[in-house]
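Have a look at the structure below before the remarks.
Worth saying up front: this structure is predicted, and the values here are computed from it rather than measured. Residue numbering restarts at 1 for every chain, and letters A, B, ... go by the order of the sequence lines.
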Amino acid sequence: MEADDEEDEHDLPGLPNADEYDQIRMRCAPNPNGPWHIGHARMPAVIGTYKQRYDGWFCVRFDDTDPETKRPDLDAYDAILEDLSYLGFEADEVYTASDRLEIYYDHARRLIDAGGAYTCSCSGEEFSALKNSGKPCPHRDKSTETIHDEFEDMIAGVYDSGEMVLRVKTDIEHKNPALRDWVAFRMVDTPHPREPAADYRCWPMLDFQSGVDDHIVGVTHIIRGIDLQDSAKRQRFVYDYFDWEYPEVIHWGHVQLDEYDVKMSTSTLGTLIEAGDLDGWDDPRAPTLQSLRRRGIEGEAITEAMVQLGTSTSDVDLAMSSIYATNRNLIDEETDRRFYVREGVEVGLAGSPPGEANPPLHPNHEDRGVRHIPVGDAVFLEQDDLPARETRIWLKGLGCFHYTRDVLQYTGDPIDVVRDGDVDVVHWVPAAESVSLTLRTPDGDVTGWAEPEVGSLEPGALVQFERVGFARIDAVDAGGTDHATDASVVAYYTHD
RNA sequence: GCUCCGUUGGUGUAGUCCGGCCAAUCAUUUCGGCCUUUCGAGCCGAUGACCUGGGUUCAAAUCCCAGACGGAGCACCA
């Protein structure tokens, strides 16, 4: 399917030992505790791209096995799948770990039979102390029968949280303390928020659940963060007991984002939304996928930027400008131009300028037609664009004016004065007939006036406000196209 | 404290396994020019990097050793 460009440049390195597998199978295993932030896009972007490249397969598996500390958000399951689709990918299969408890229990029983696990009632502190000095705890050598009995009691919910765990027997003297006899199942008193899982009290830990599931669905390549580097080593003990072969694994570093004041963290964002500091997950100030989507950024631009980050184990700083640059290429040709003046300053006009300005909708596409901007006797300019006294300025699409005694005097000079470099070109809107427009940006809201026809655009339309930047029209109040007190149009800032 | 891992321009990345074709690739950013009723785009150009110190070698970004700096794990979180 990509035979003809097999040797072509790829943005991503090849997967290890890719040719040893009939099919490349990967998984994306989010914790459904909220919609995705921008950093989450890396996983689907990369495995989706690998899937296309190798004609492979990937699933989404919701690793929702902690009903308490990382309590799942019931809305997040669908929100995440929507985010995935926004990025341009569909999962071949969707699993939910909390539906699969019986599978994990069965594997735990087999592990006990294989002598690879034991129930332990040490407190966390007690065990930690023993473990750190390389000493086994007294529960390590129970009979298989006792272990089975106690594990069945765990499943039955006989114990309370903290009273009993099932540990994987690894090597209590392993030189890496992180790998010594880790917990595979623990008791959780809090019911899971999903109805079908609400009665379970004995929950697997990520390392066990994930390890078992990866094998069951035939994952060949695991891609995940460096925080899980030791997980692979822990899981190998289970794989060895079962005589399974561990998948290829790639660990990558953390992604940091520039240009945002808000930390890229699902729980932080959730707290800010809860407190009313953010309007929601799609607030333009939030570094979330829903926010970028509302701003009119194409998922493809995000995917491409993520793929360009590669898969290195060191931490990376993602510049939003790289997402913006890609998106600009995607939308520029099809996006019409409009005028929008931020925080405008009103200036009178004199000298009989033309009654209407008709700049093109798109400078490269004359066939799309022109805009219709009635001029009137005054315009709004941006504060920074106000010319010095007794100098000339070119109102884009209208003509040349001389700034005298608080008014702009039409001069009728030809465009050559601009070519000569003496005259700045600025955008403007008529003071009398523009529509008020609030532009919501990552740095906060901006108010101003847009040329009249912006008031009749459809929500969802993309525009480029000349010399300001791209924006997505979000809401239009058809009633108030003249000087209403409130904004009649709300737009979300895309990028410059 | 114990165990891992990493370090190429402002940012990301290629090259590192199998040393020479690397006075180091591509993208983005910044700056300049051209074009354009002069936005954006496009075209052209510029700035800008191999963590440090030793060693091996005719030759090191690449191999070896030491150090510095950064990151991760040692949870009944994911």
At a cut-off of 3.5 Å, list every protein nitrogen or oxygen paired with a nitrogen or oxygen from nucleotides 31-34 of chain B, distance to 0.1 Å.
none

- request: Quickly, which of A:Asp413, A:Asp424, A:Thr411 forms a side-chain hydrogen bond (donor to acceptor under 3.5 Å, both in side chains) with A:Arg392? Name it, please.
  value: A:Asp413

What distance, rounded to whole Å, do you find between the two [atom1] atoms, one in [N] and one in [M]?
N	M	atom1	result
B:U29	B:A75	P	45 Å
B:G33	B:A24	P	27 Å
B:G48	B:C5	P	36 Å
B:G12	B:A49	P	15 Å
B:U52	B:G70	C1'	15 Å
B:C17	B:C26	C1'	22 Å
B:C35	B:C44	P	15 Å
B:U25	B:U11	C1'	16 Å

Donor + acceptor pair across side chains of [X], [Y] (<3.5 Å):
X	Y	value
A:Thr119	A:Arg167	no
A:Glu248	A:Asn17	yes
A:Glu334	A:His365	no
A:Asp240	A:Tyr246	no
A:Glu126	A:Ser123	yes

- prompt: When every nucleotide of nucleotides 72-78 of chain B is labelled 5' to 3' by its protein contacts under 4.0 Å (heavy atoms), B for base, S for sugar-phosphate only, - for none, what sequence of letters results?
  reply: SBBSBBB

- prompt: Which stems does RNA chain B form, counting runs of 3 or more consecutive Watson-Crick or G-U wobble pairs with both distances under 3.5 Å?
  reply: B:1-7 with B:68-74, B:10-12 with B:26-28, B:30-34 with B:42-46, B:51-55 with B:63-67

N/O (side chain, [X]) to phosphate O (OP1/OP2, [N]) under 4.0 Å:
X	N	value
A:Arg337	B:G40	no
A:Arg467	B:G40	no
A:Lys396	B:U38	yes
A:Thr313	B:G71	no

Rounded to whole angstroms, how far apart are [atom1] on [X] and [atom2] on [N]?
X	N	atom1	atom2	answer
A:Trp428	B:C39	CH2	C1'	15 Å
A:Leu309	B:C26	CG	C1'	15 Å
A:Gln308	B:U25	CD	P	18 Å
A:Ile323	B:U29	CD1	P	13 Å
A:Met306	B:U28	CE	C1'	15 Å
A:Arg236	B:U3	CZ	P	20 Å
A:Glu304	B:U11	CD	C1'	16 Å
A:His365	B:G40	NE2	C1'	12 Å

Can [X] and [Y] be counted as an ion pair, charged N to O under 4.0 angstrom?
X	Y	answer
A:Arg194	A:Asp99	yes
A:Arg337	A:Glu466	no
A:Arg27	A:Asp214	yes

Scan [X] against the nucleic acid and name what it touches under 4.0 Å (heavy atoms): base, sugar-phosphate only, or nothing.
X	value
A:His362	base
A:Trp394	base
A:Arg180	nothing
A:Gly397	base
A:Ile415	base

- request: Could you tell me which residues satisfy salt bridge (Lys or Arg N to Asp or Glu O under 4.0 Å) with A:Asp416, sequence neighbours excluded, listed by chain and number?
  value: A:Arg419

query: Who passes salt bridge (Lys or Arg N to Asp or Glu O under 4.0 Å) against A:Glu343, sequence neighbours left out?
result: none

- request: Would you kindly compare A:Val316 and A:Leu395 by the position of their nearest RNA chain B nucleotide and give the one closer to the 5′ end?
  value: A:Val316

statement: Heavy-atom nearest nucleotide on RNA chain B taken for A:Val417 and for A:Leu318; more 5' hit belongs to A:Leu318

query: So do A:Val316 and A:Trp252 actually touch side chain to side chain, heavy atoms under 4.5 Å?
result: no

field: Flag side-chain contact, heavy atom, 4.5 Å: A:Pro67 against A:Pro191
entry: no

Measure from the side-chain heavy atoms of [X] and tell me the nearest of [options].
X	options	value
A:Asn329	B:G42, B:U11, B:G40	B:G42
A:Lys233	B:C4, B:U28, B:A41	B:C4
A:Lys175	B:A41, B:U3, B:U38	B:U3

message: For A:Phe470, does the six-membered ring have the charged nitrogen or CZ of A:Arg328 within the cation-pi criterion, i.e. under 6.0 angstrom from the centroid and within 45° of the normal?
response: no

- prompt: Between A:Phe339 and A:Arg371, is there a cation-pi geometry (under 6.0 Å to ring centre, at most 45° from the normal)?
  reply: yes

Report all interatomic pairs (protein N or O, nucleotide N or O of nucleotides 46-48 of chain B) with separations under 3.5 Å.
none

task: State whether the number of non-hydrogen atoms from other residues, nucleotides or ligands found under 6.0 Å of A:Glu300 atom CD is greater than 12.
output: no

- request: Look at the side chain of A:Asn364 and the base of B:G42, then say whether one donor and one acceptor between them are separated by less than 3.5 Å.
  value: no

query: Given the rule in the side-chain hydrogen bond (donor to acceptor under 3.5 Å, both in side chains) test, do A:His427 and A:Arg467 qualify, once you have shown the distances and angles that lead to the verdict?
result: CA-CA 7 Å; A:His427 61 288; A:Arg467 305 213 312 138; 3.3 Å; yes

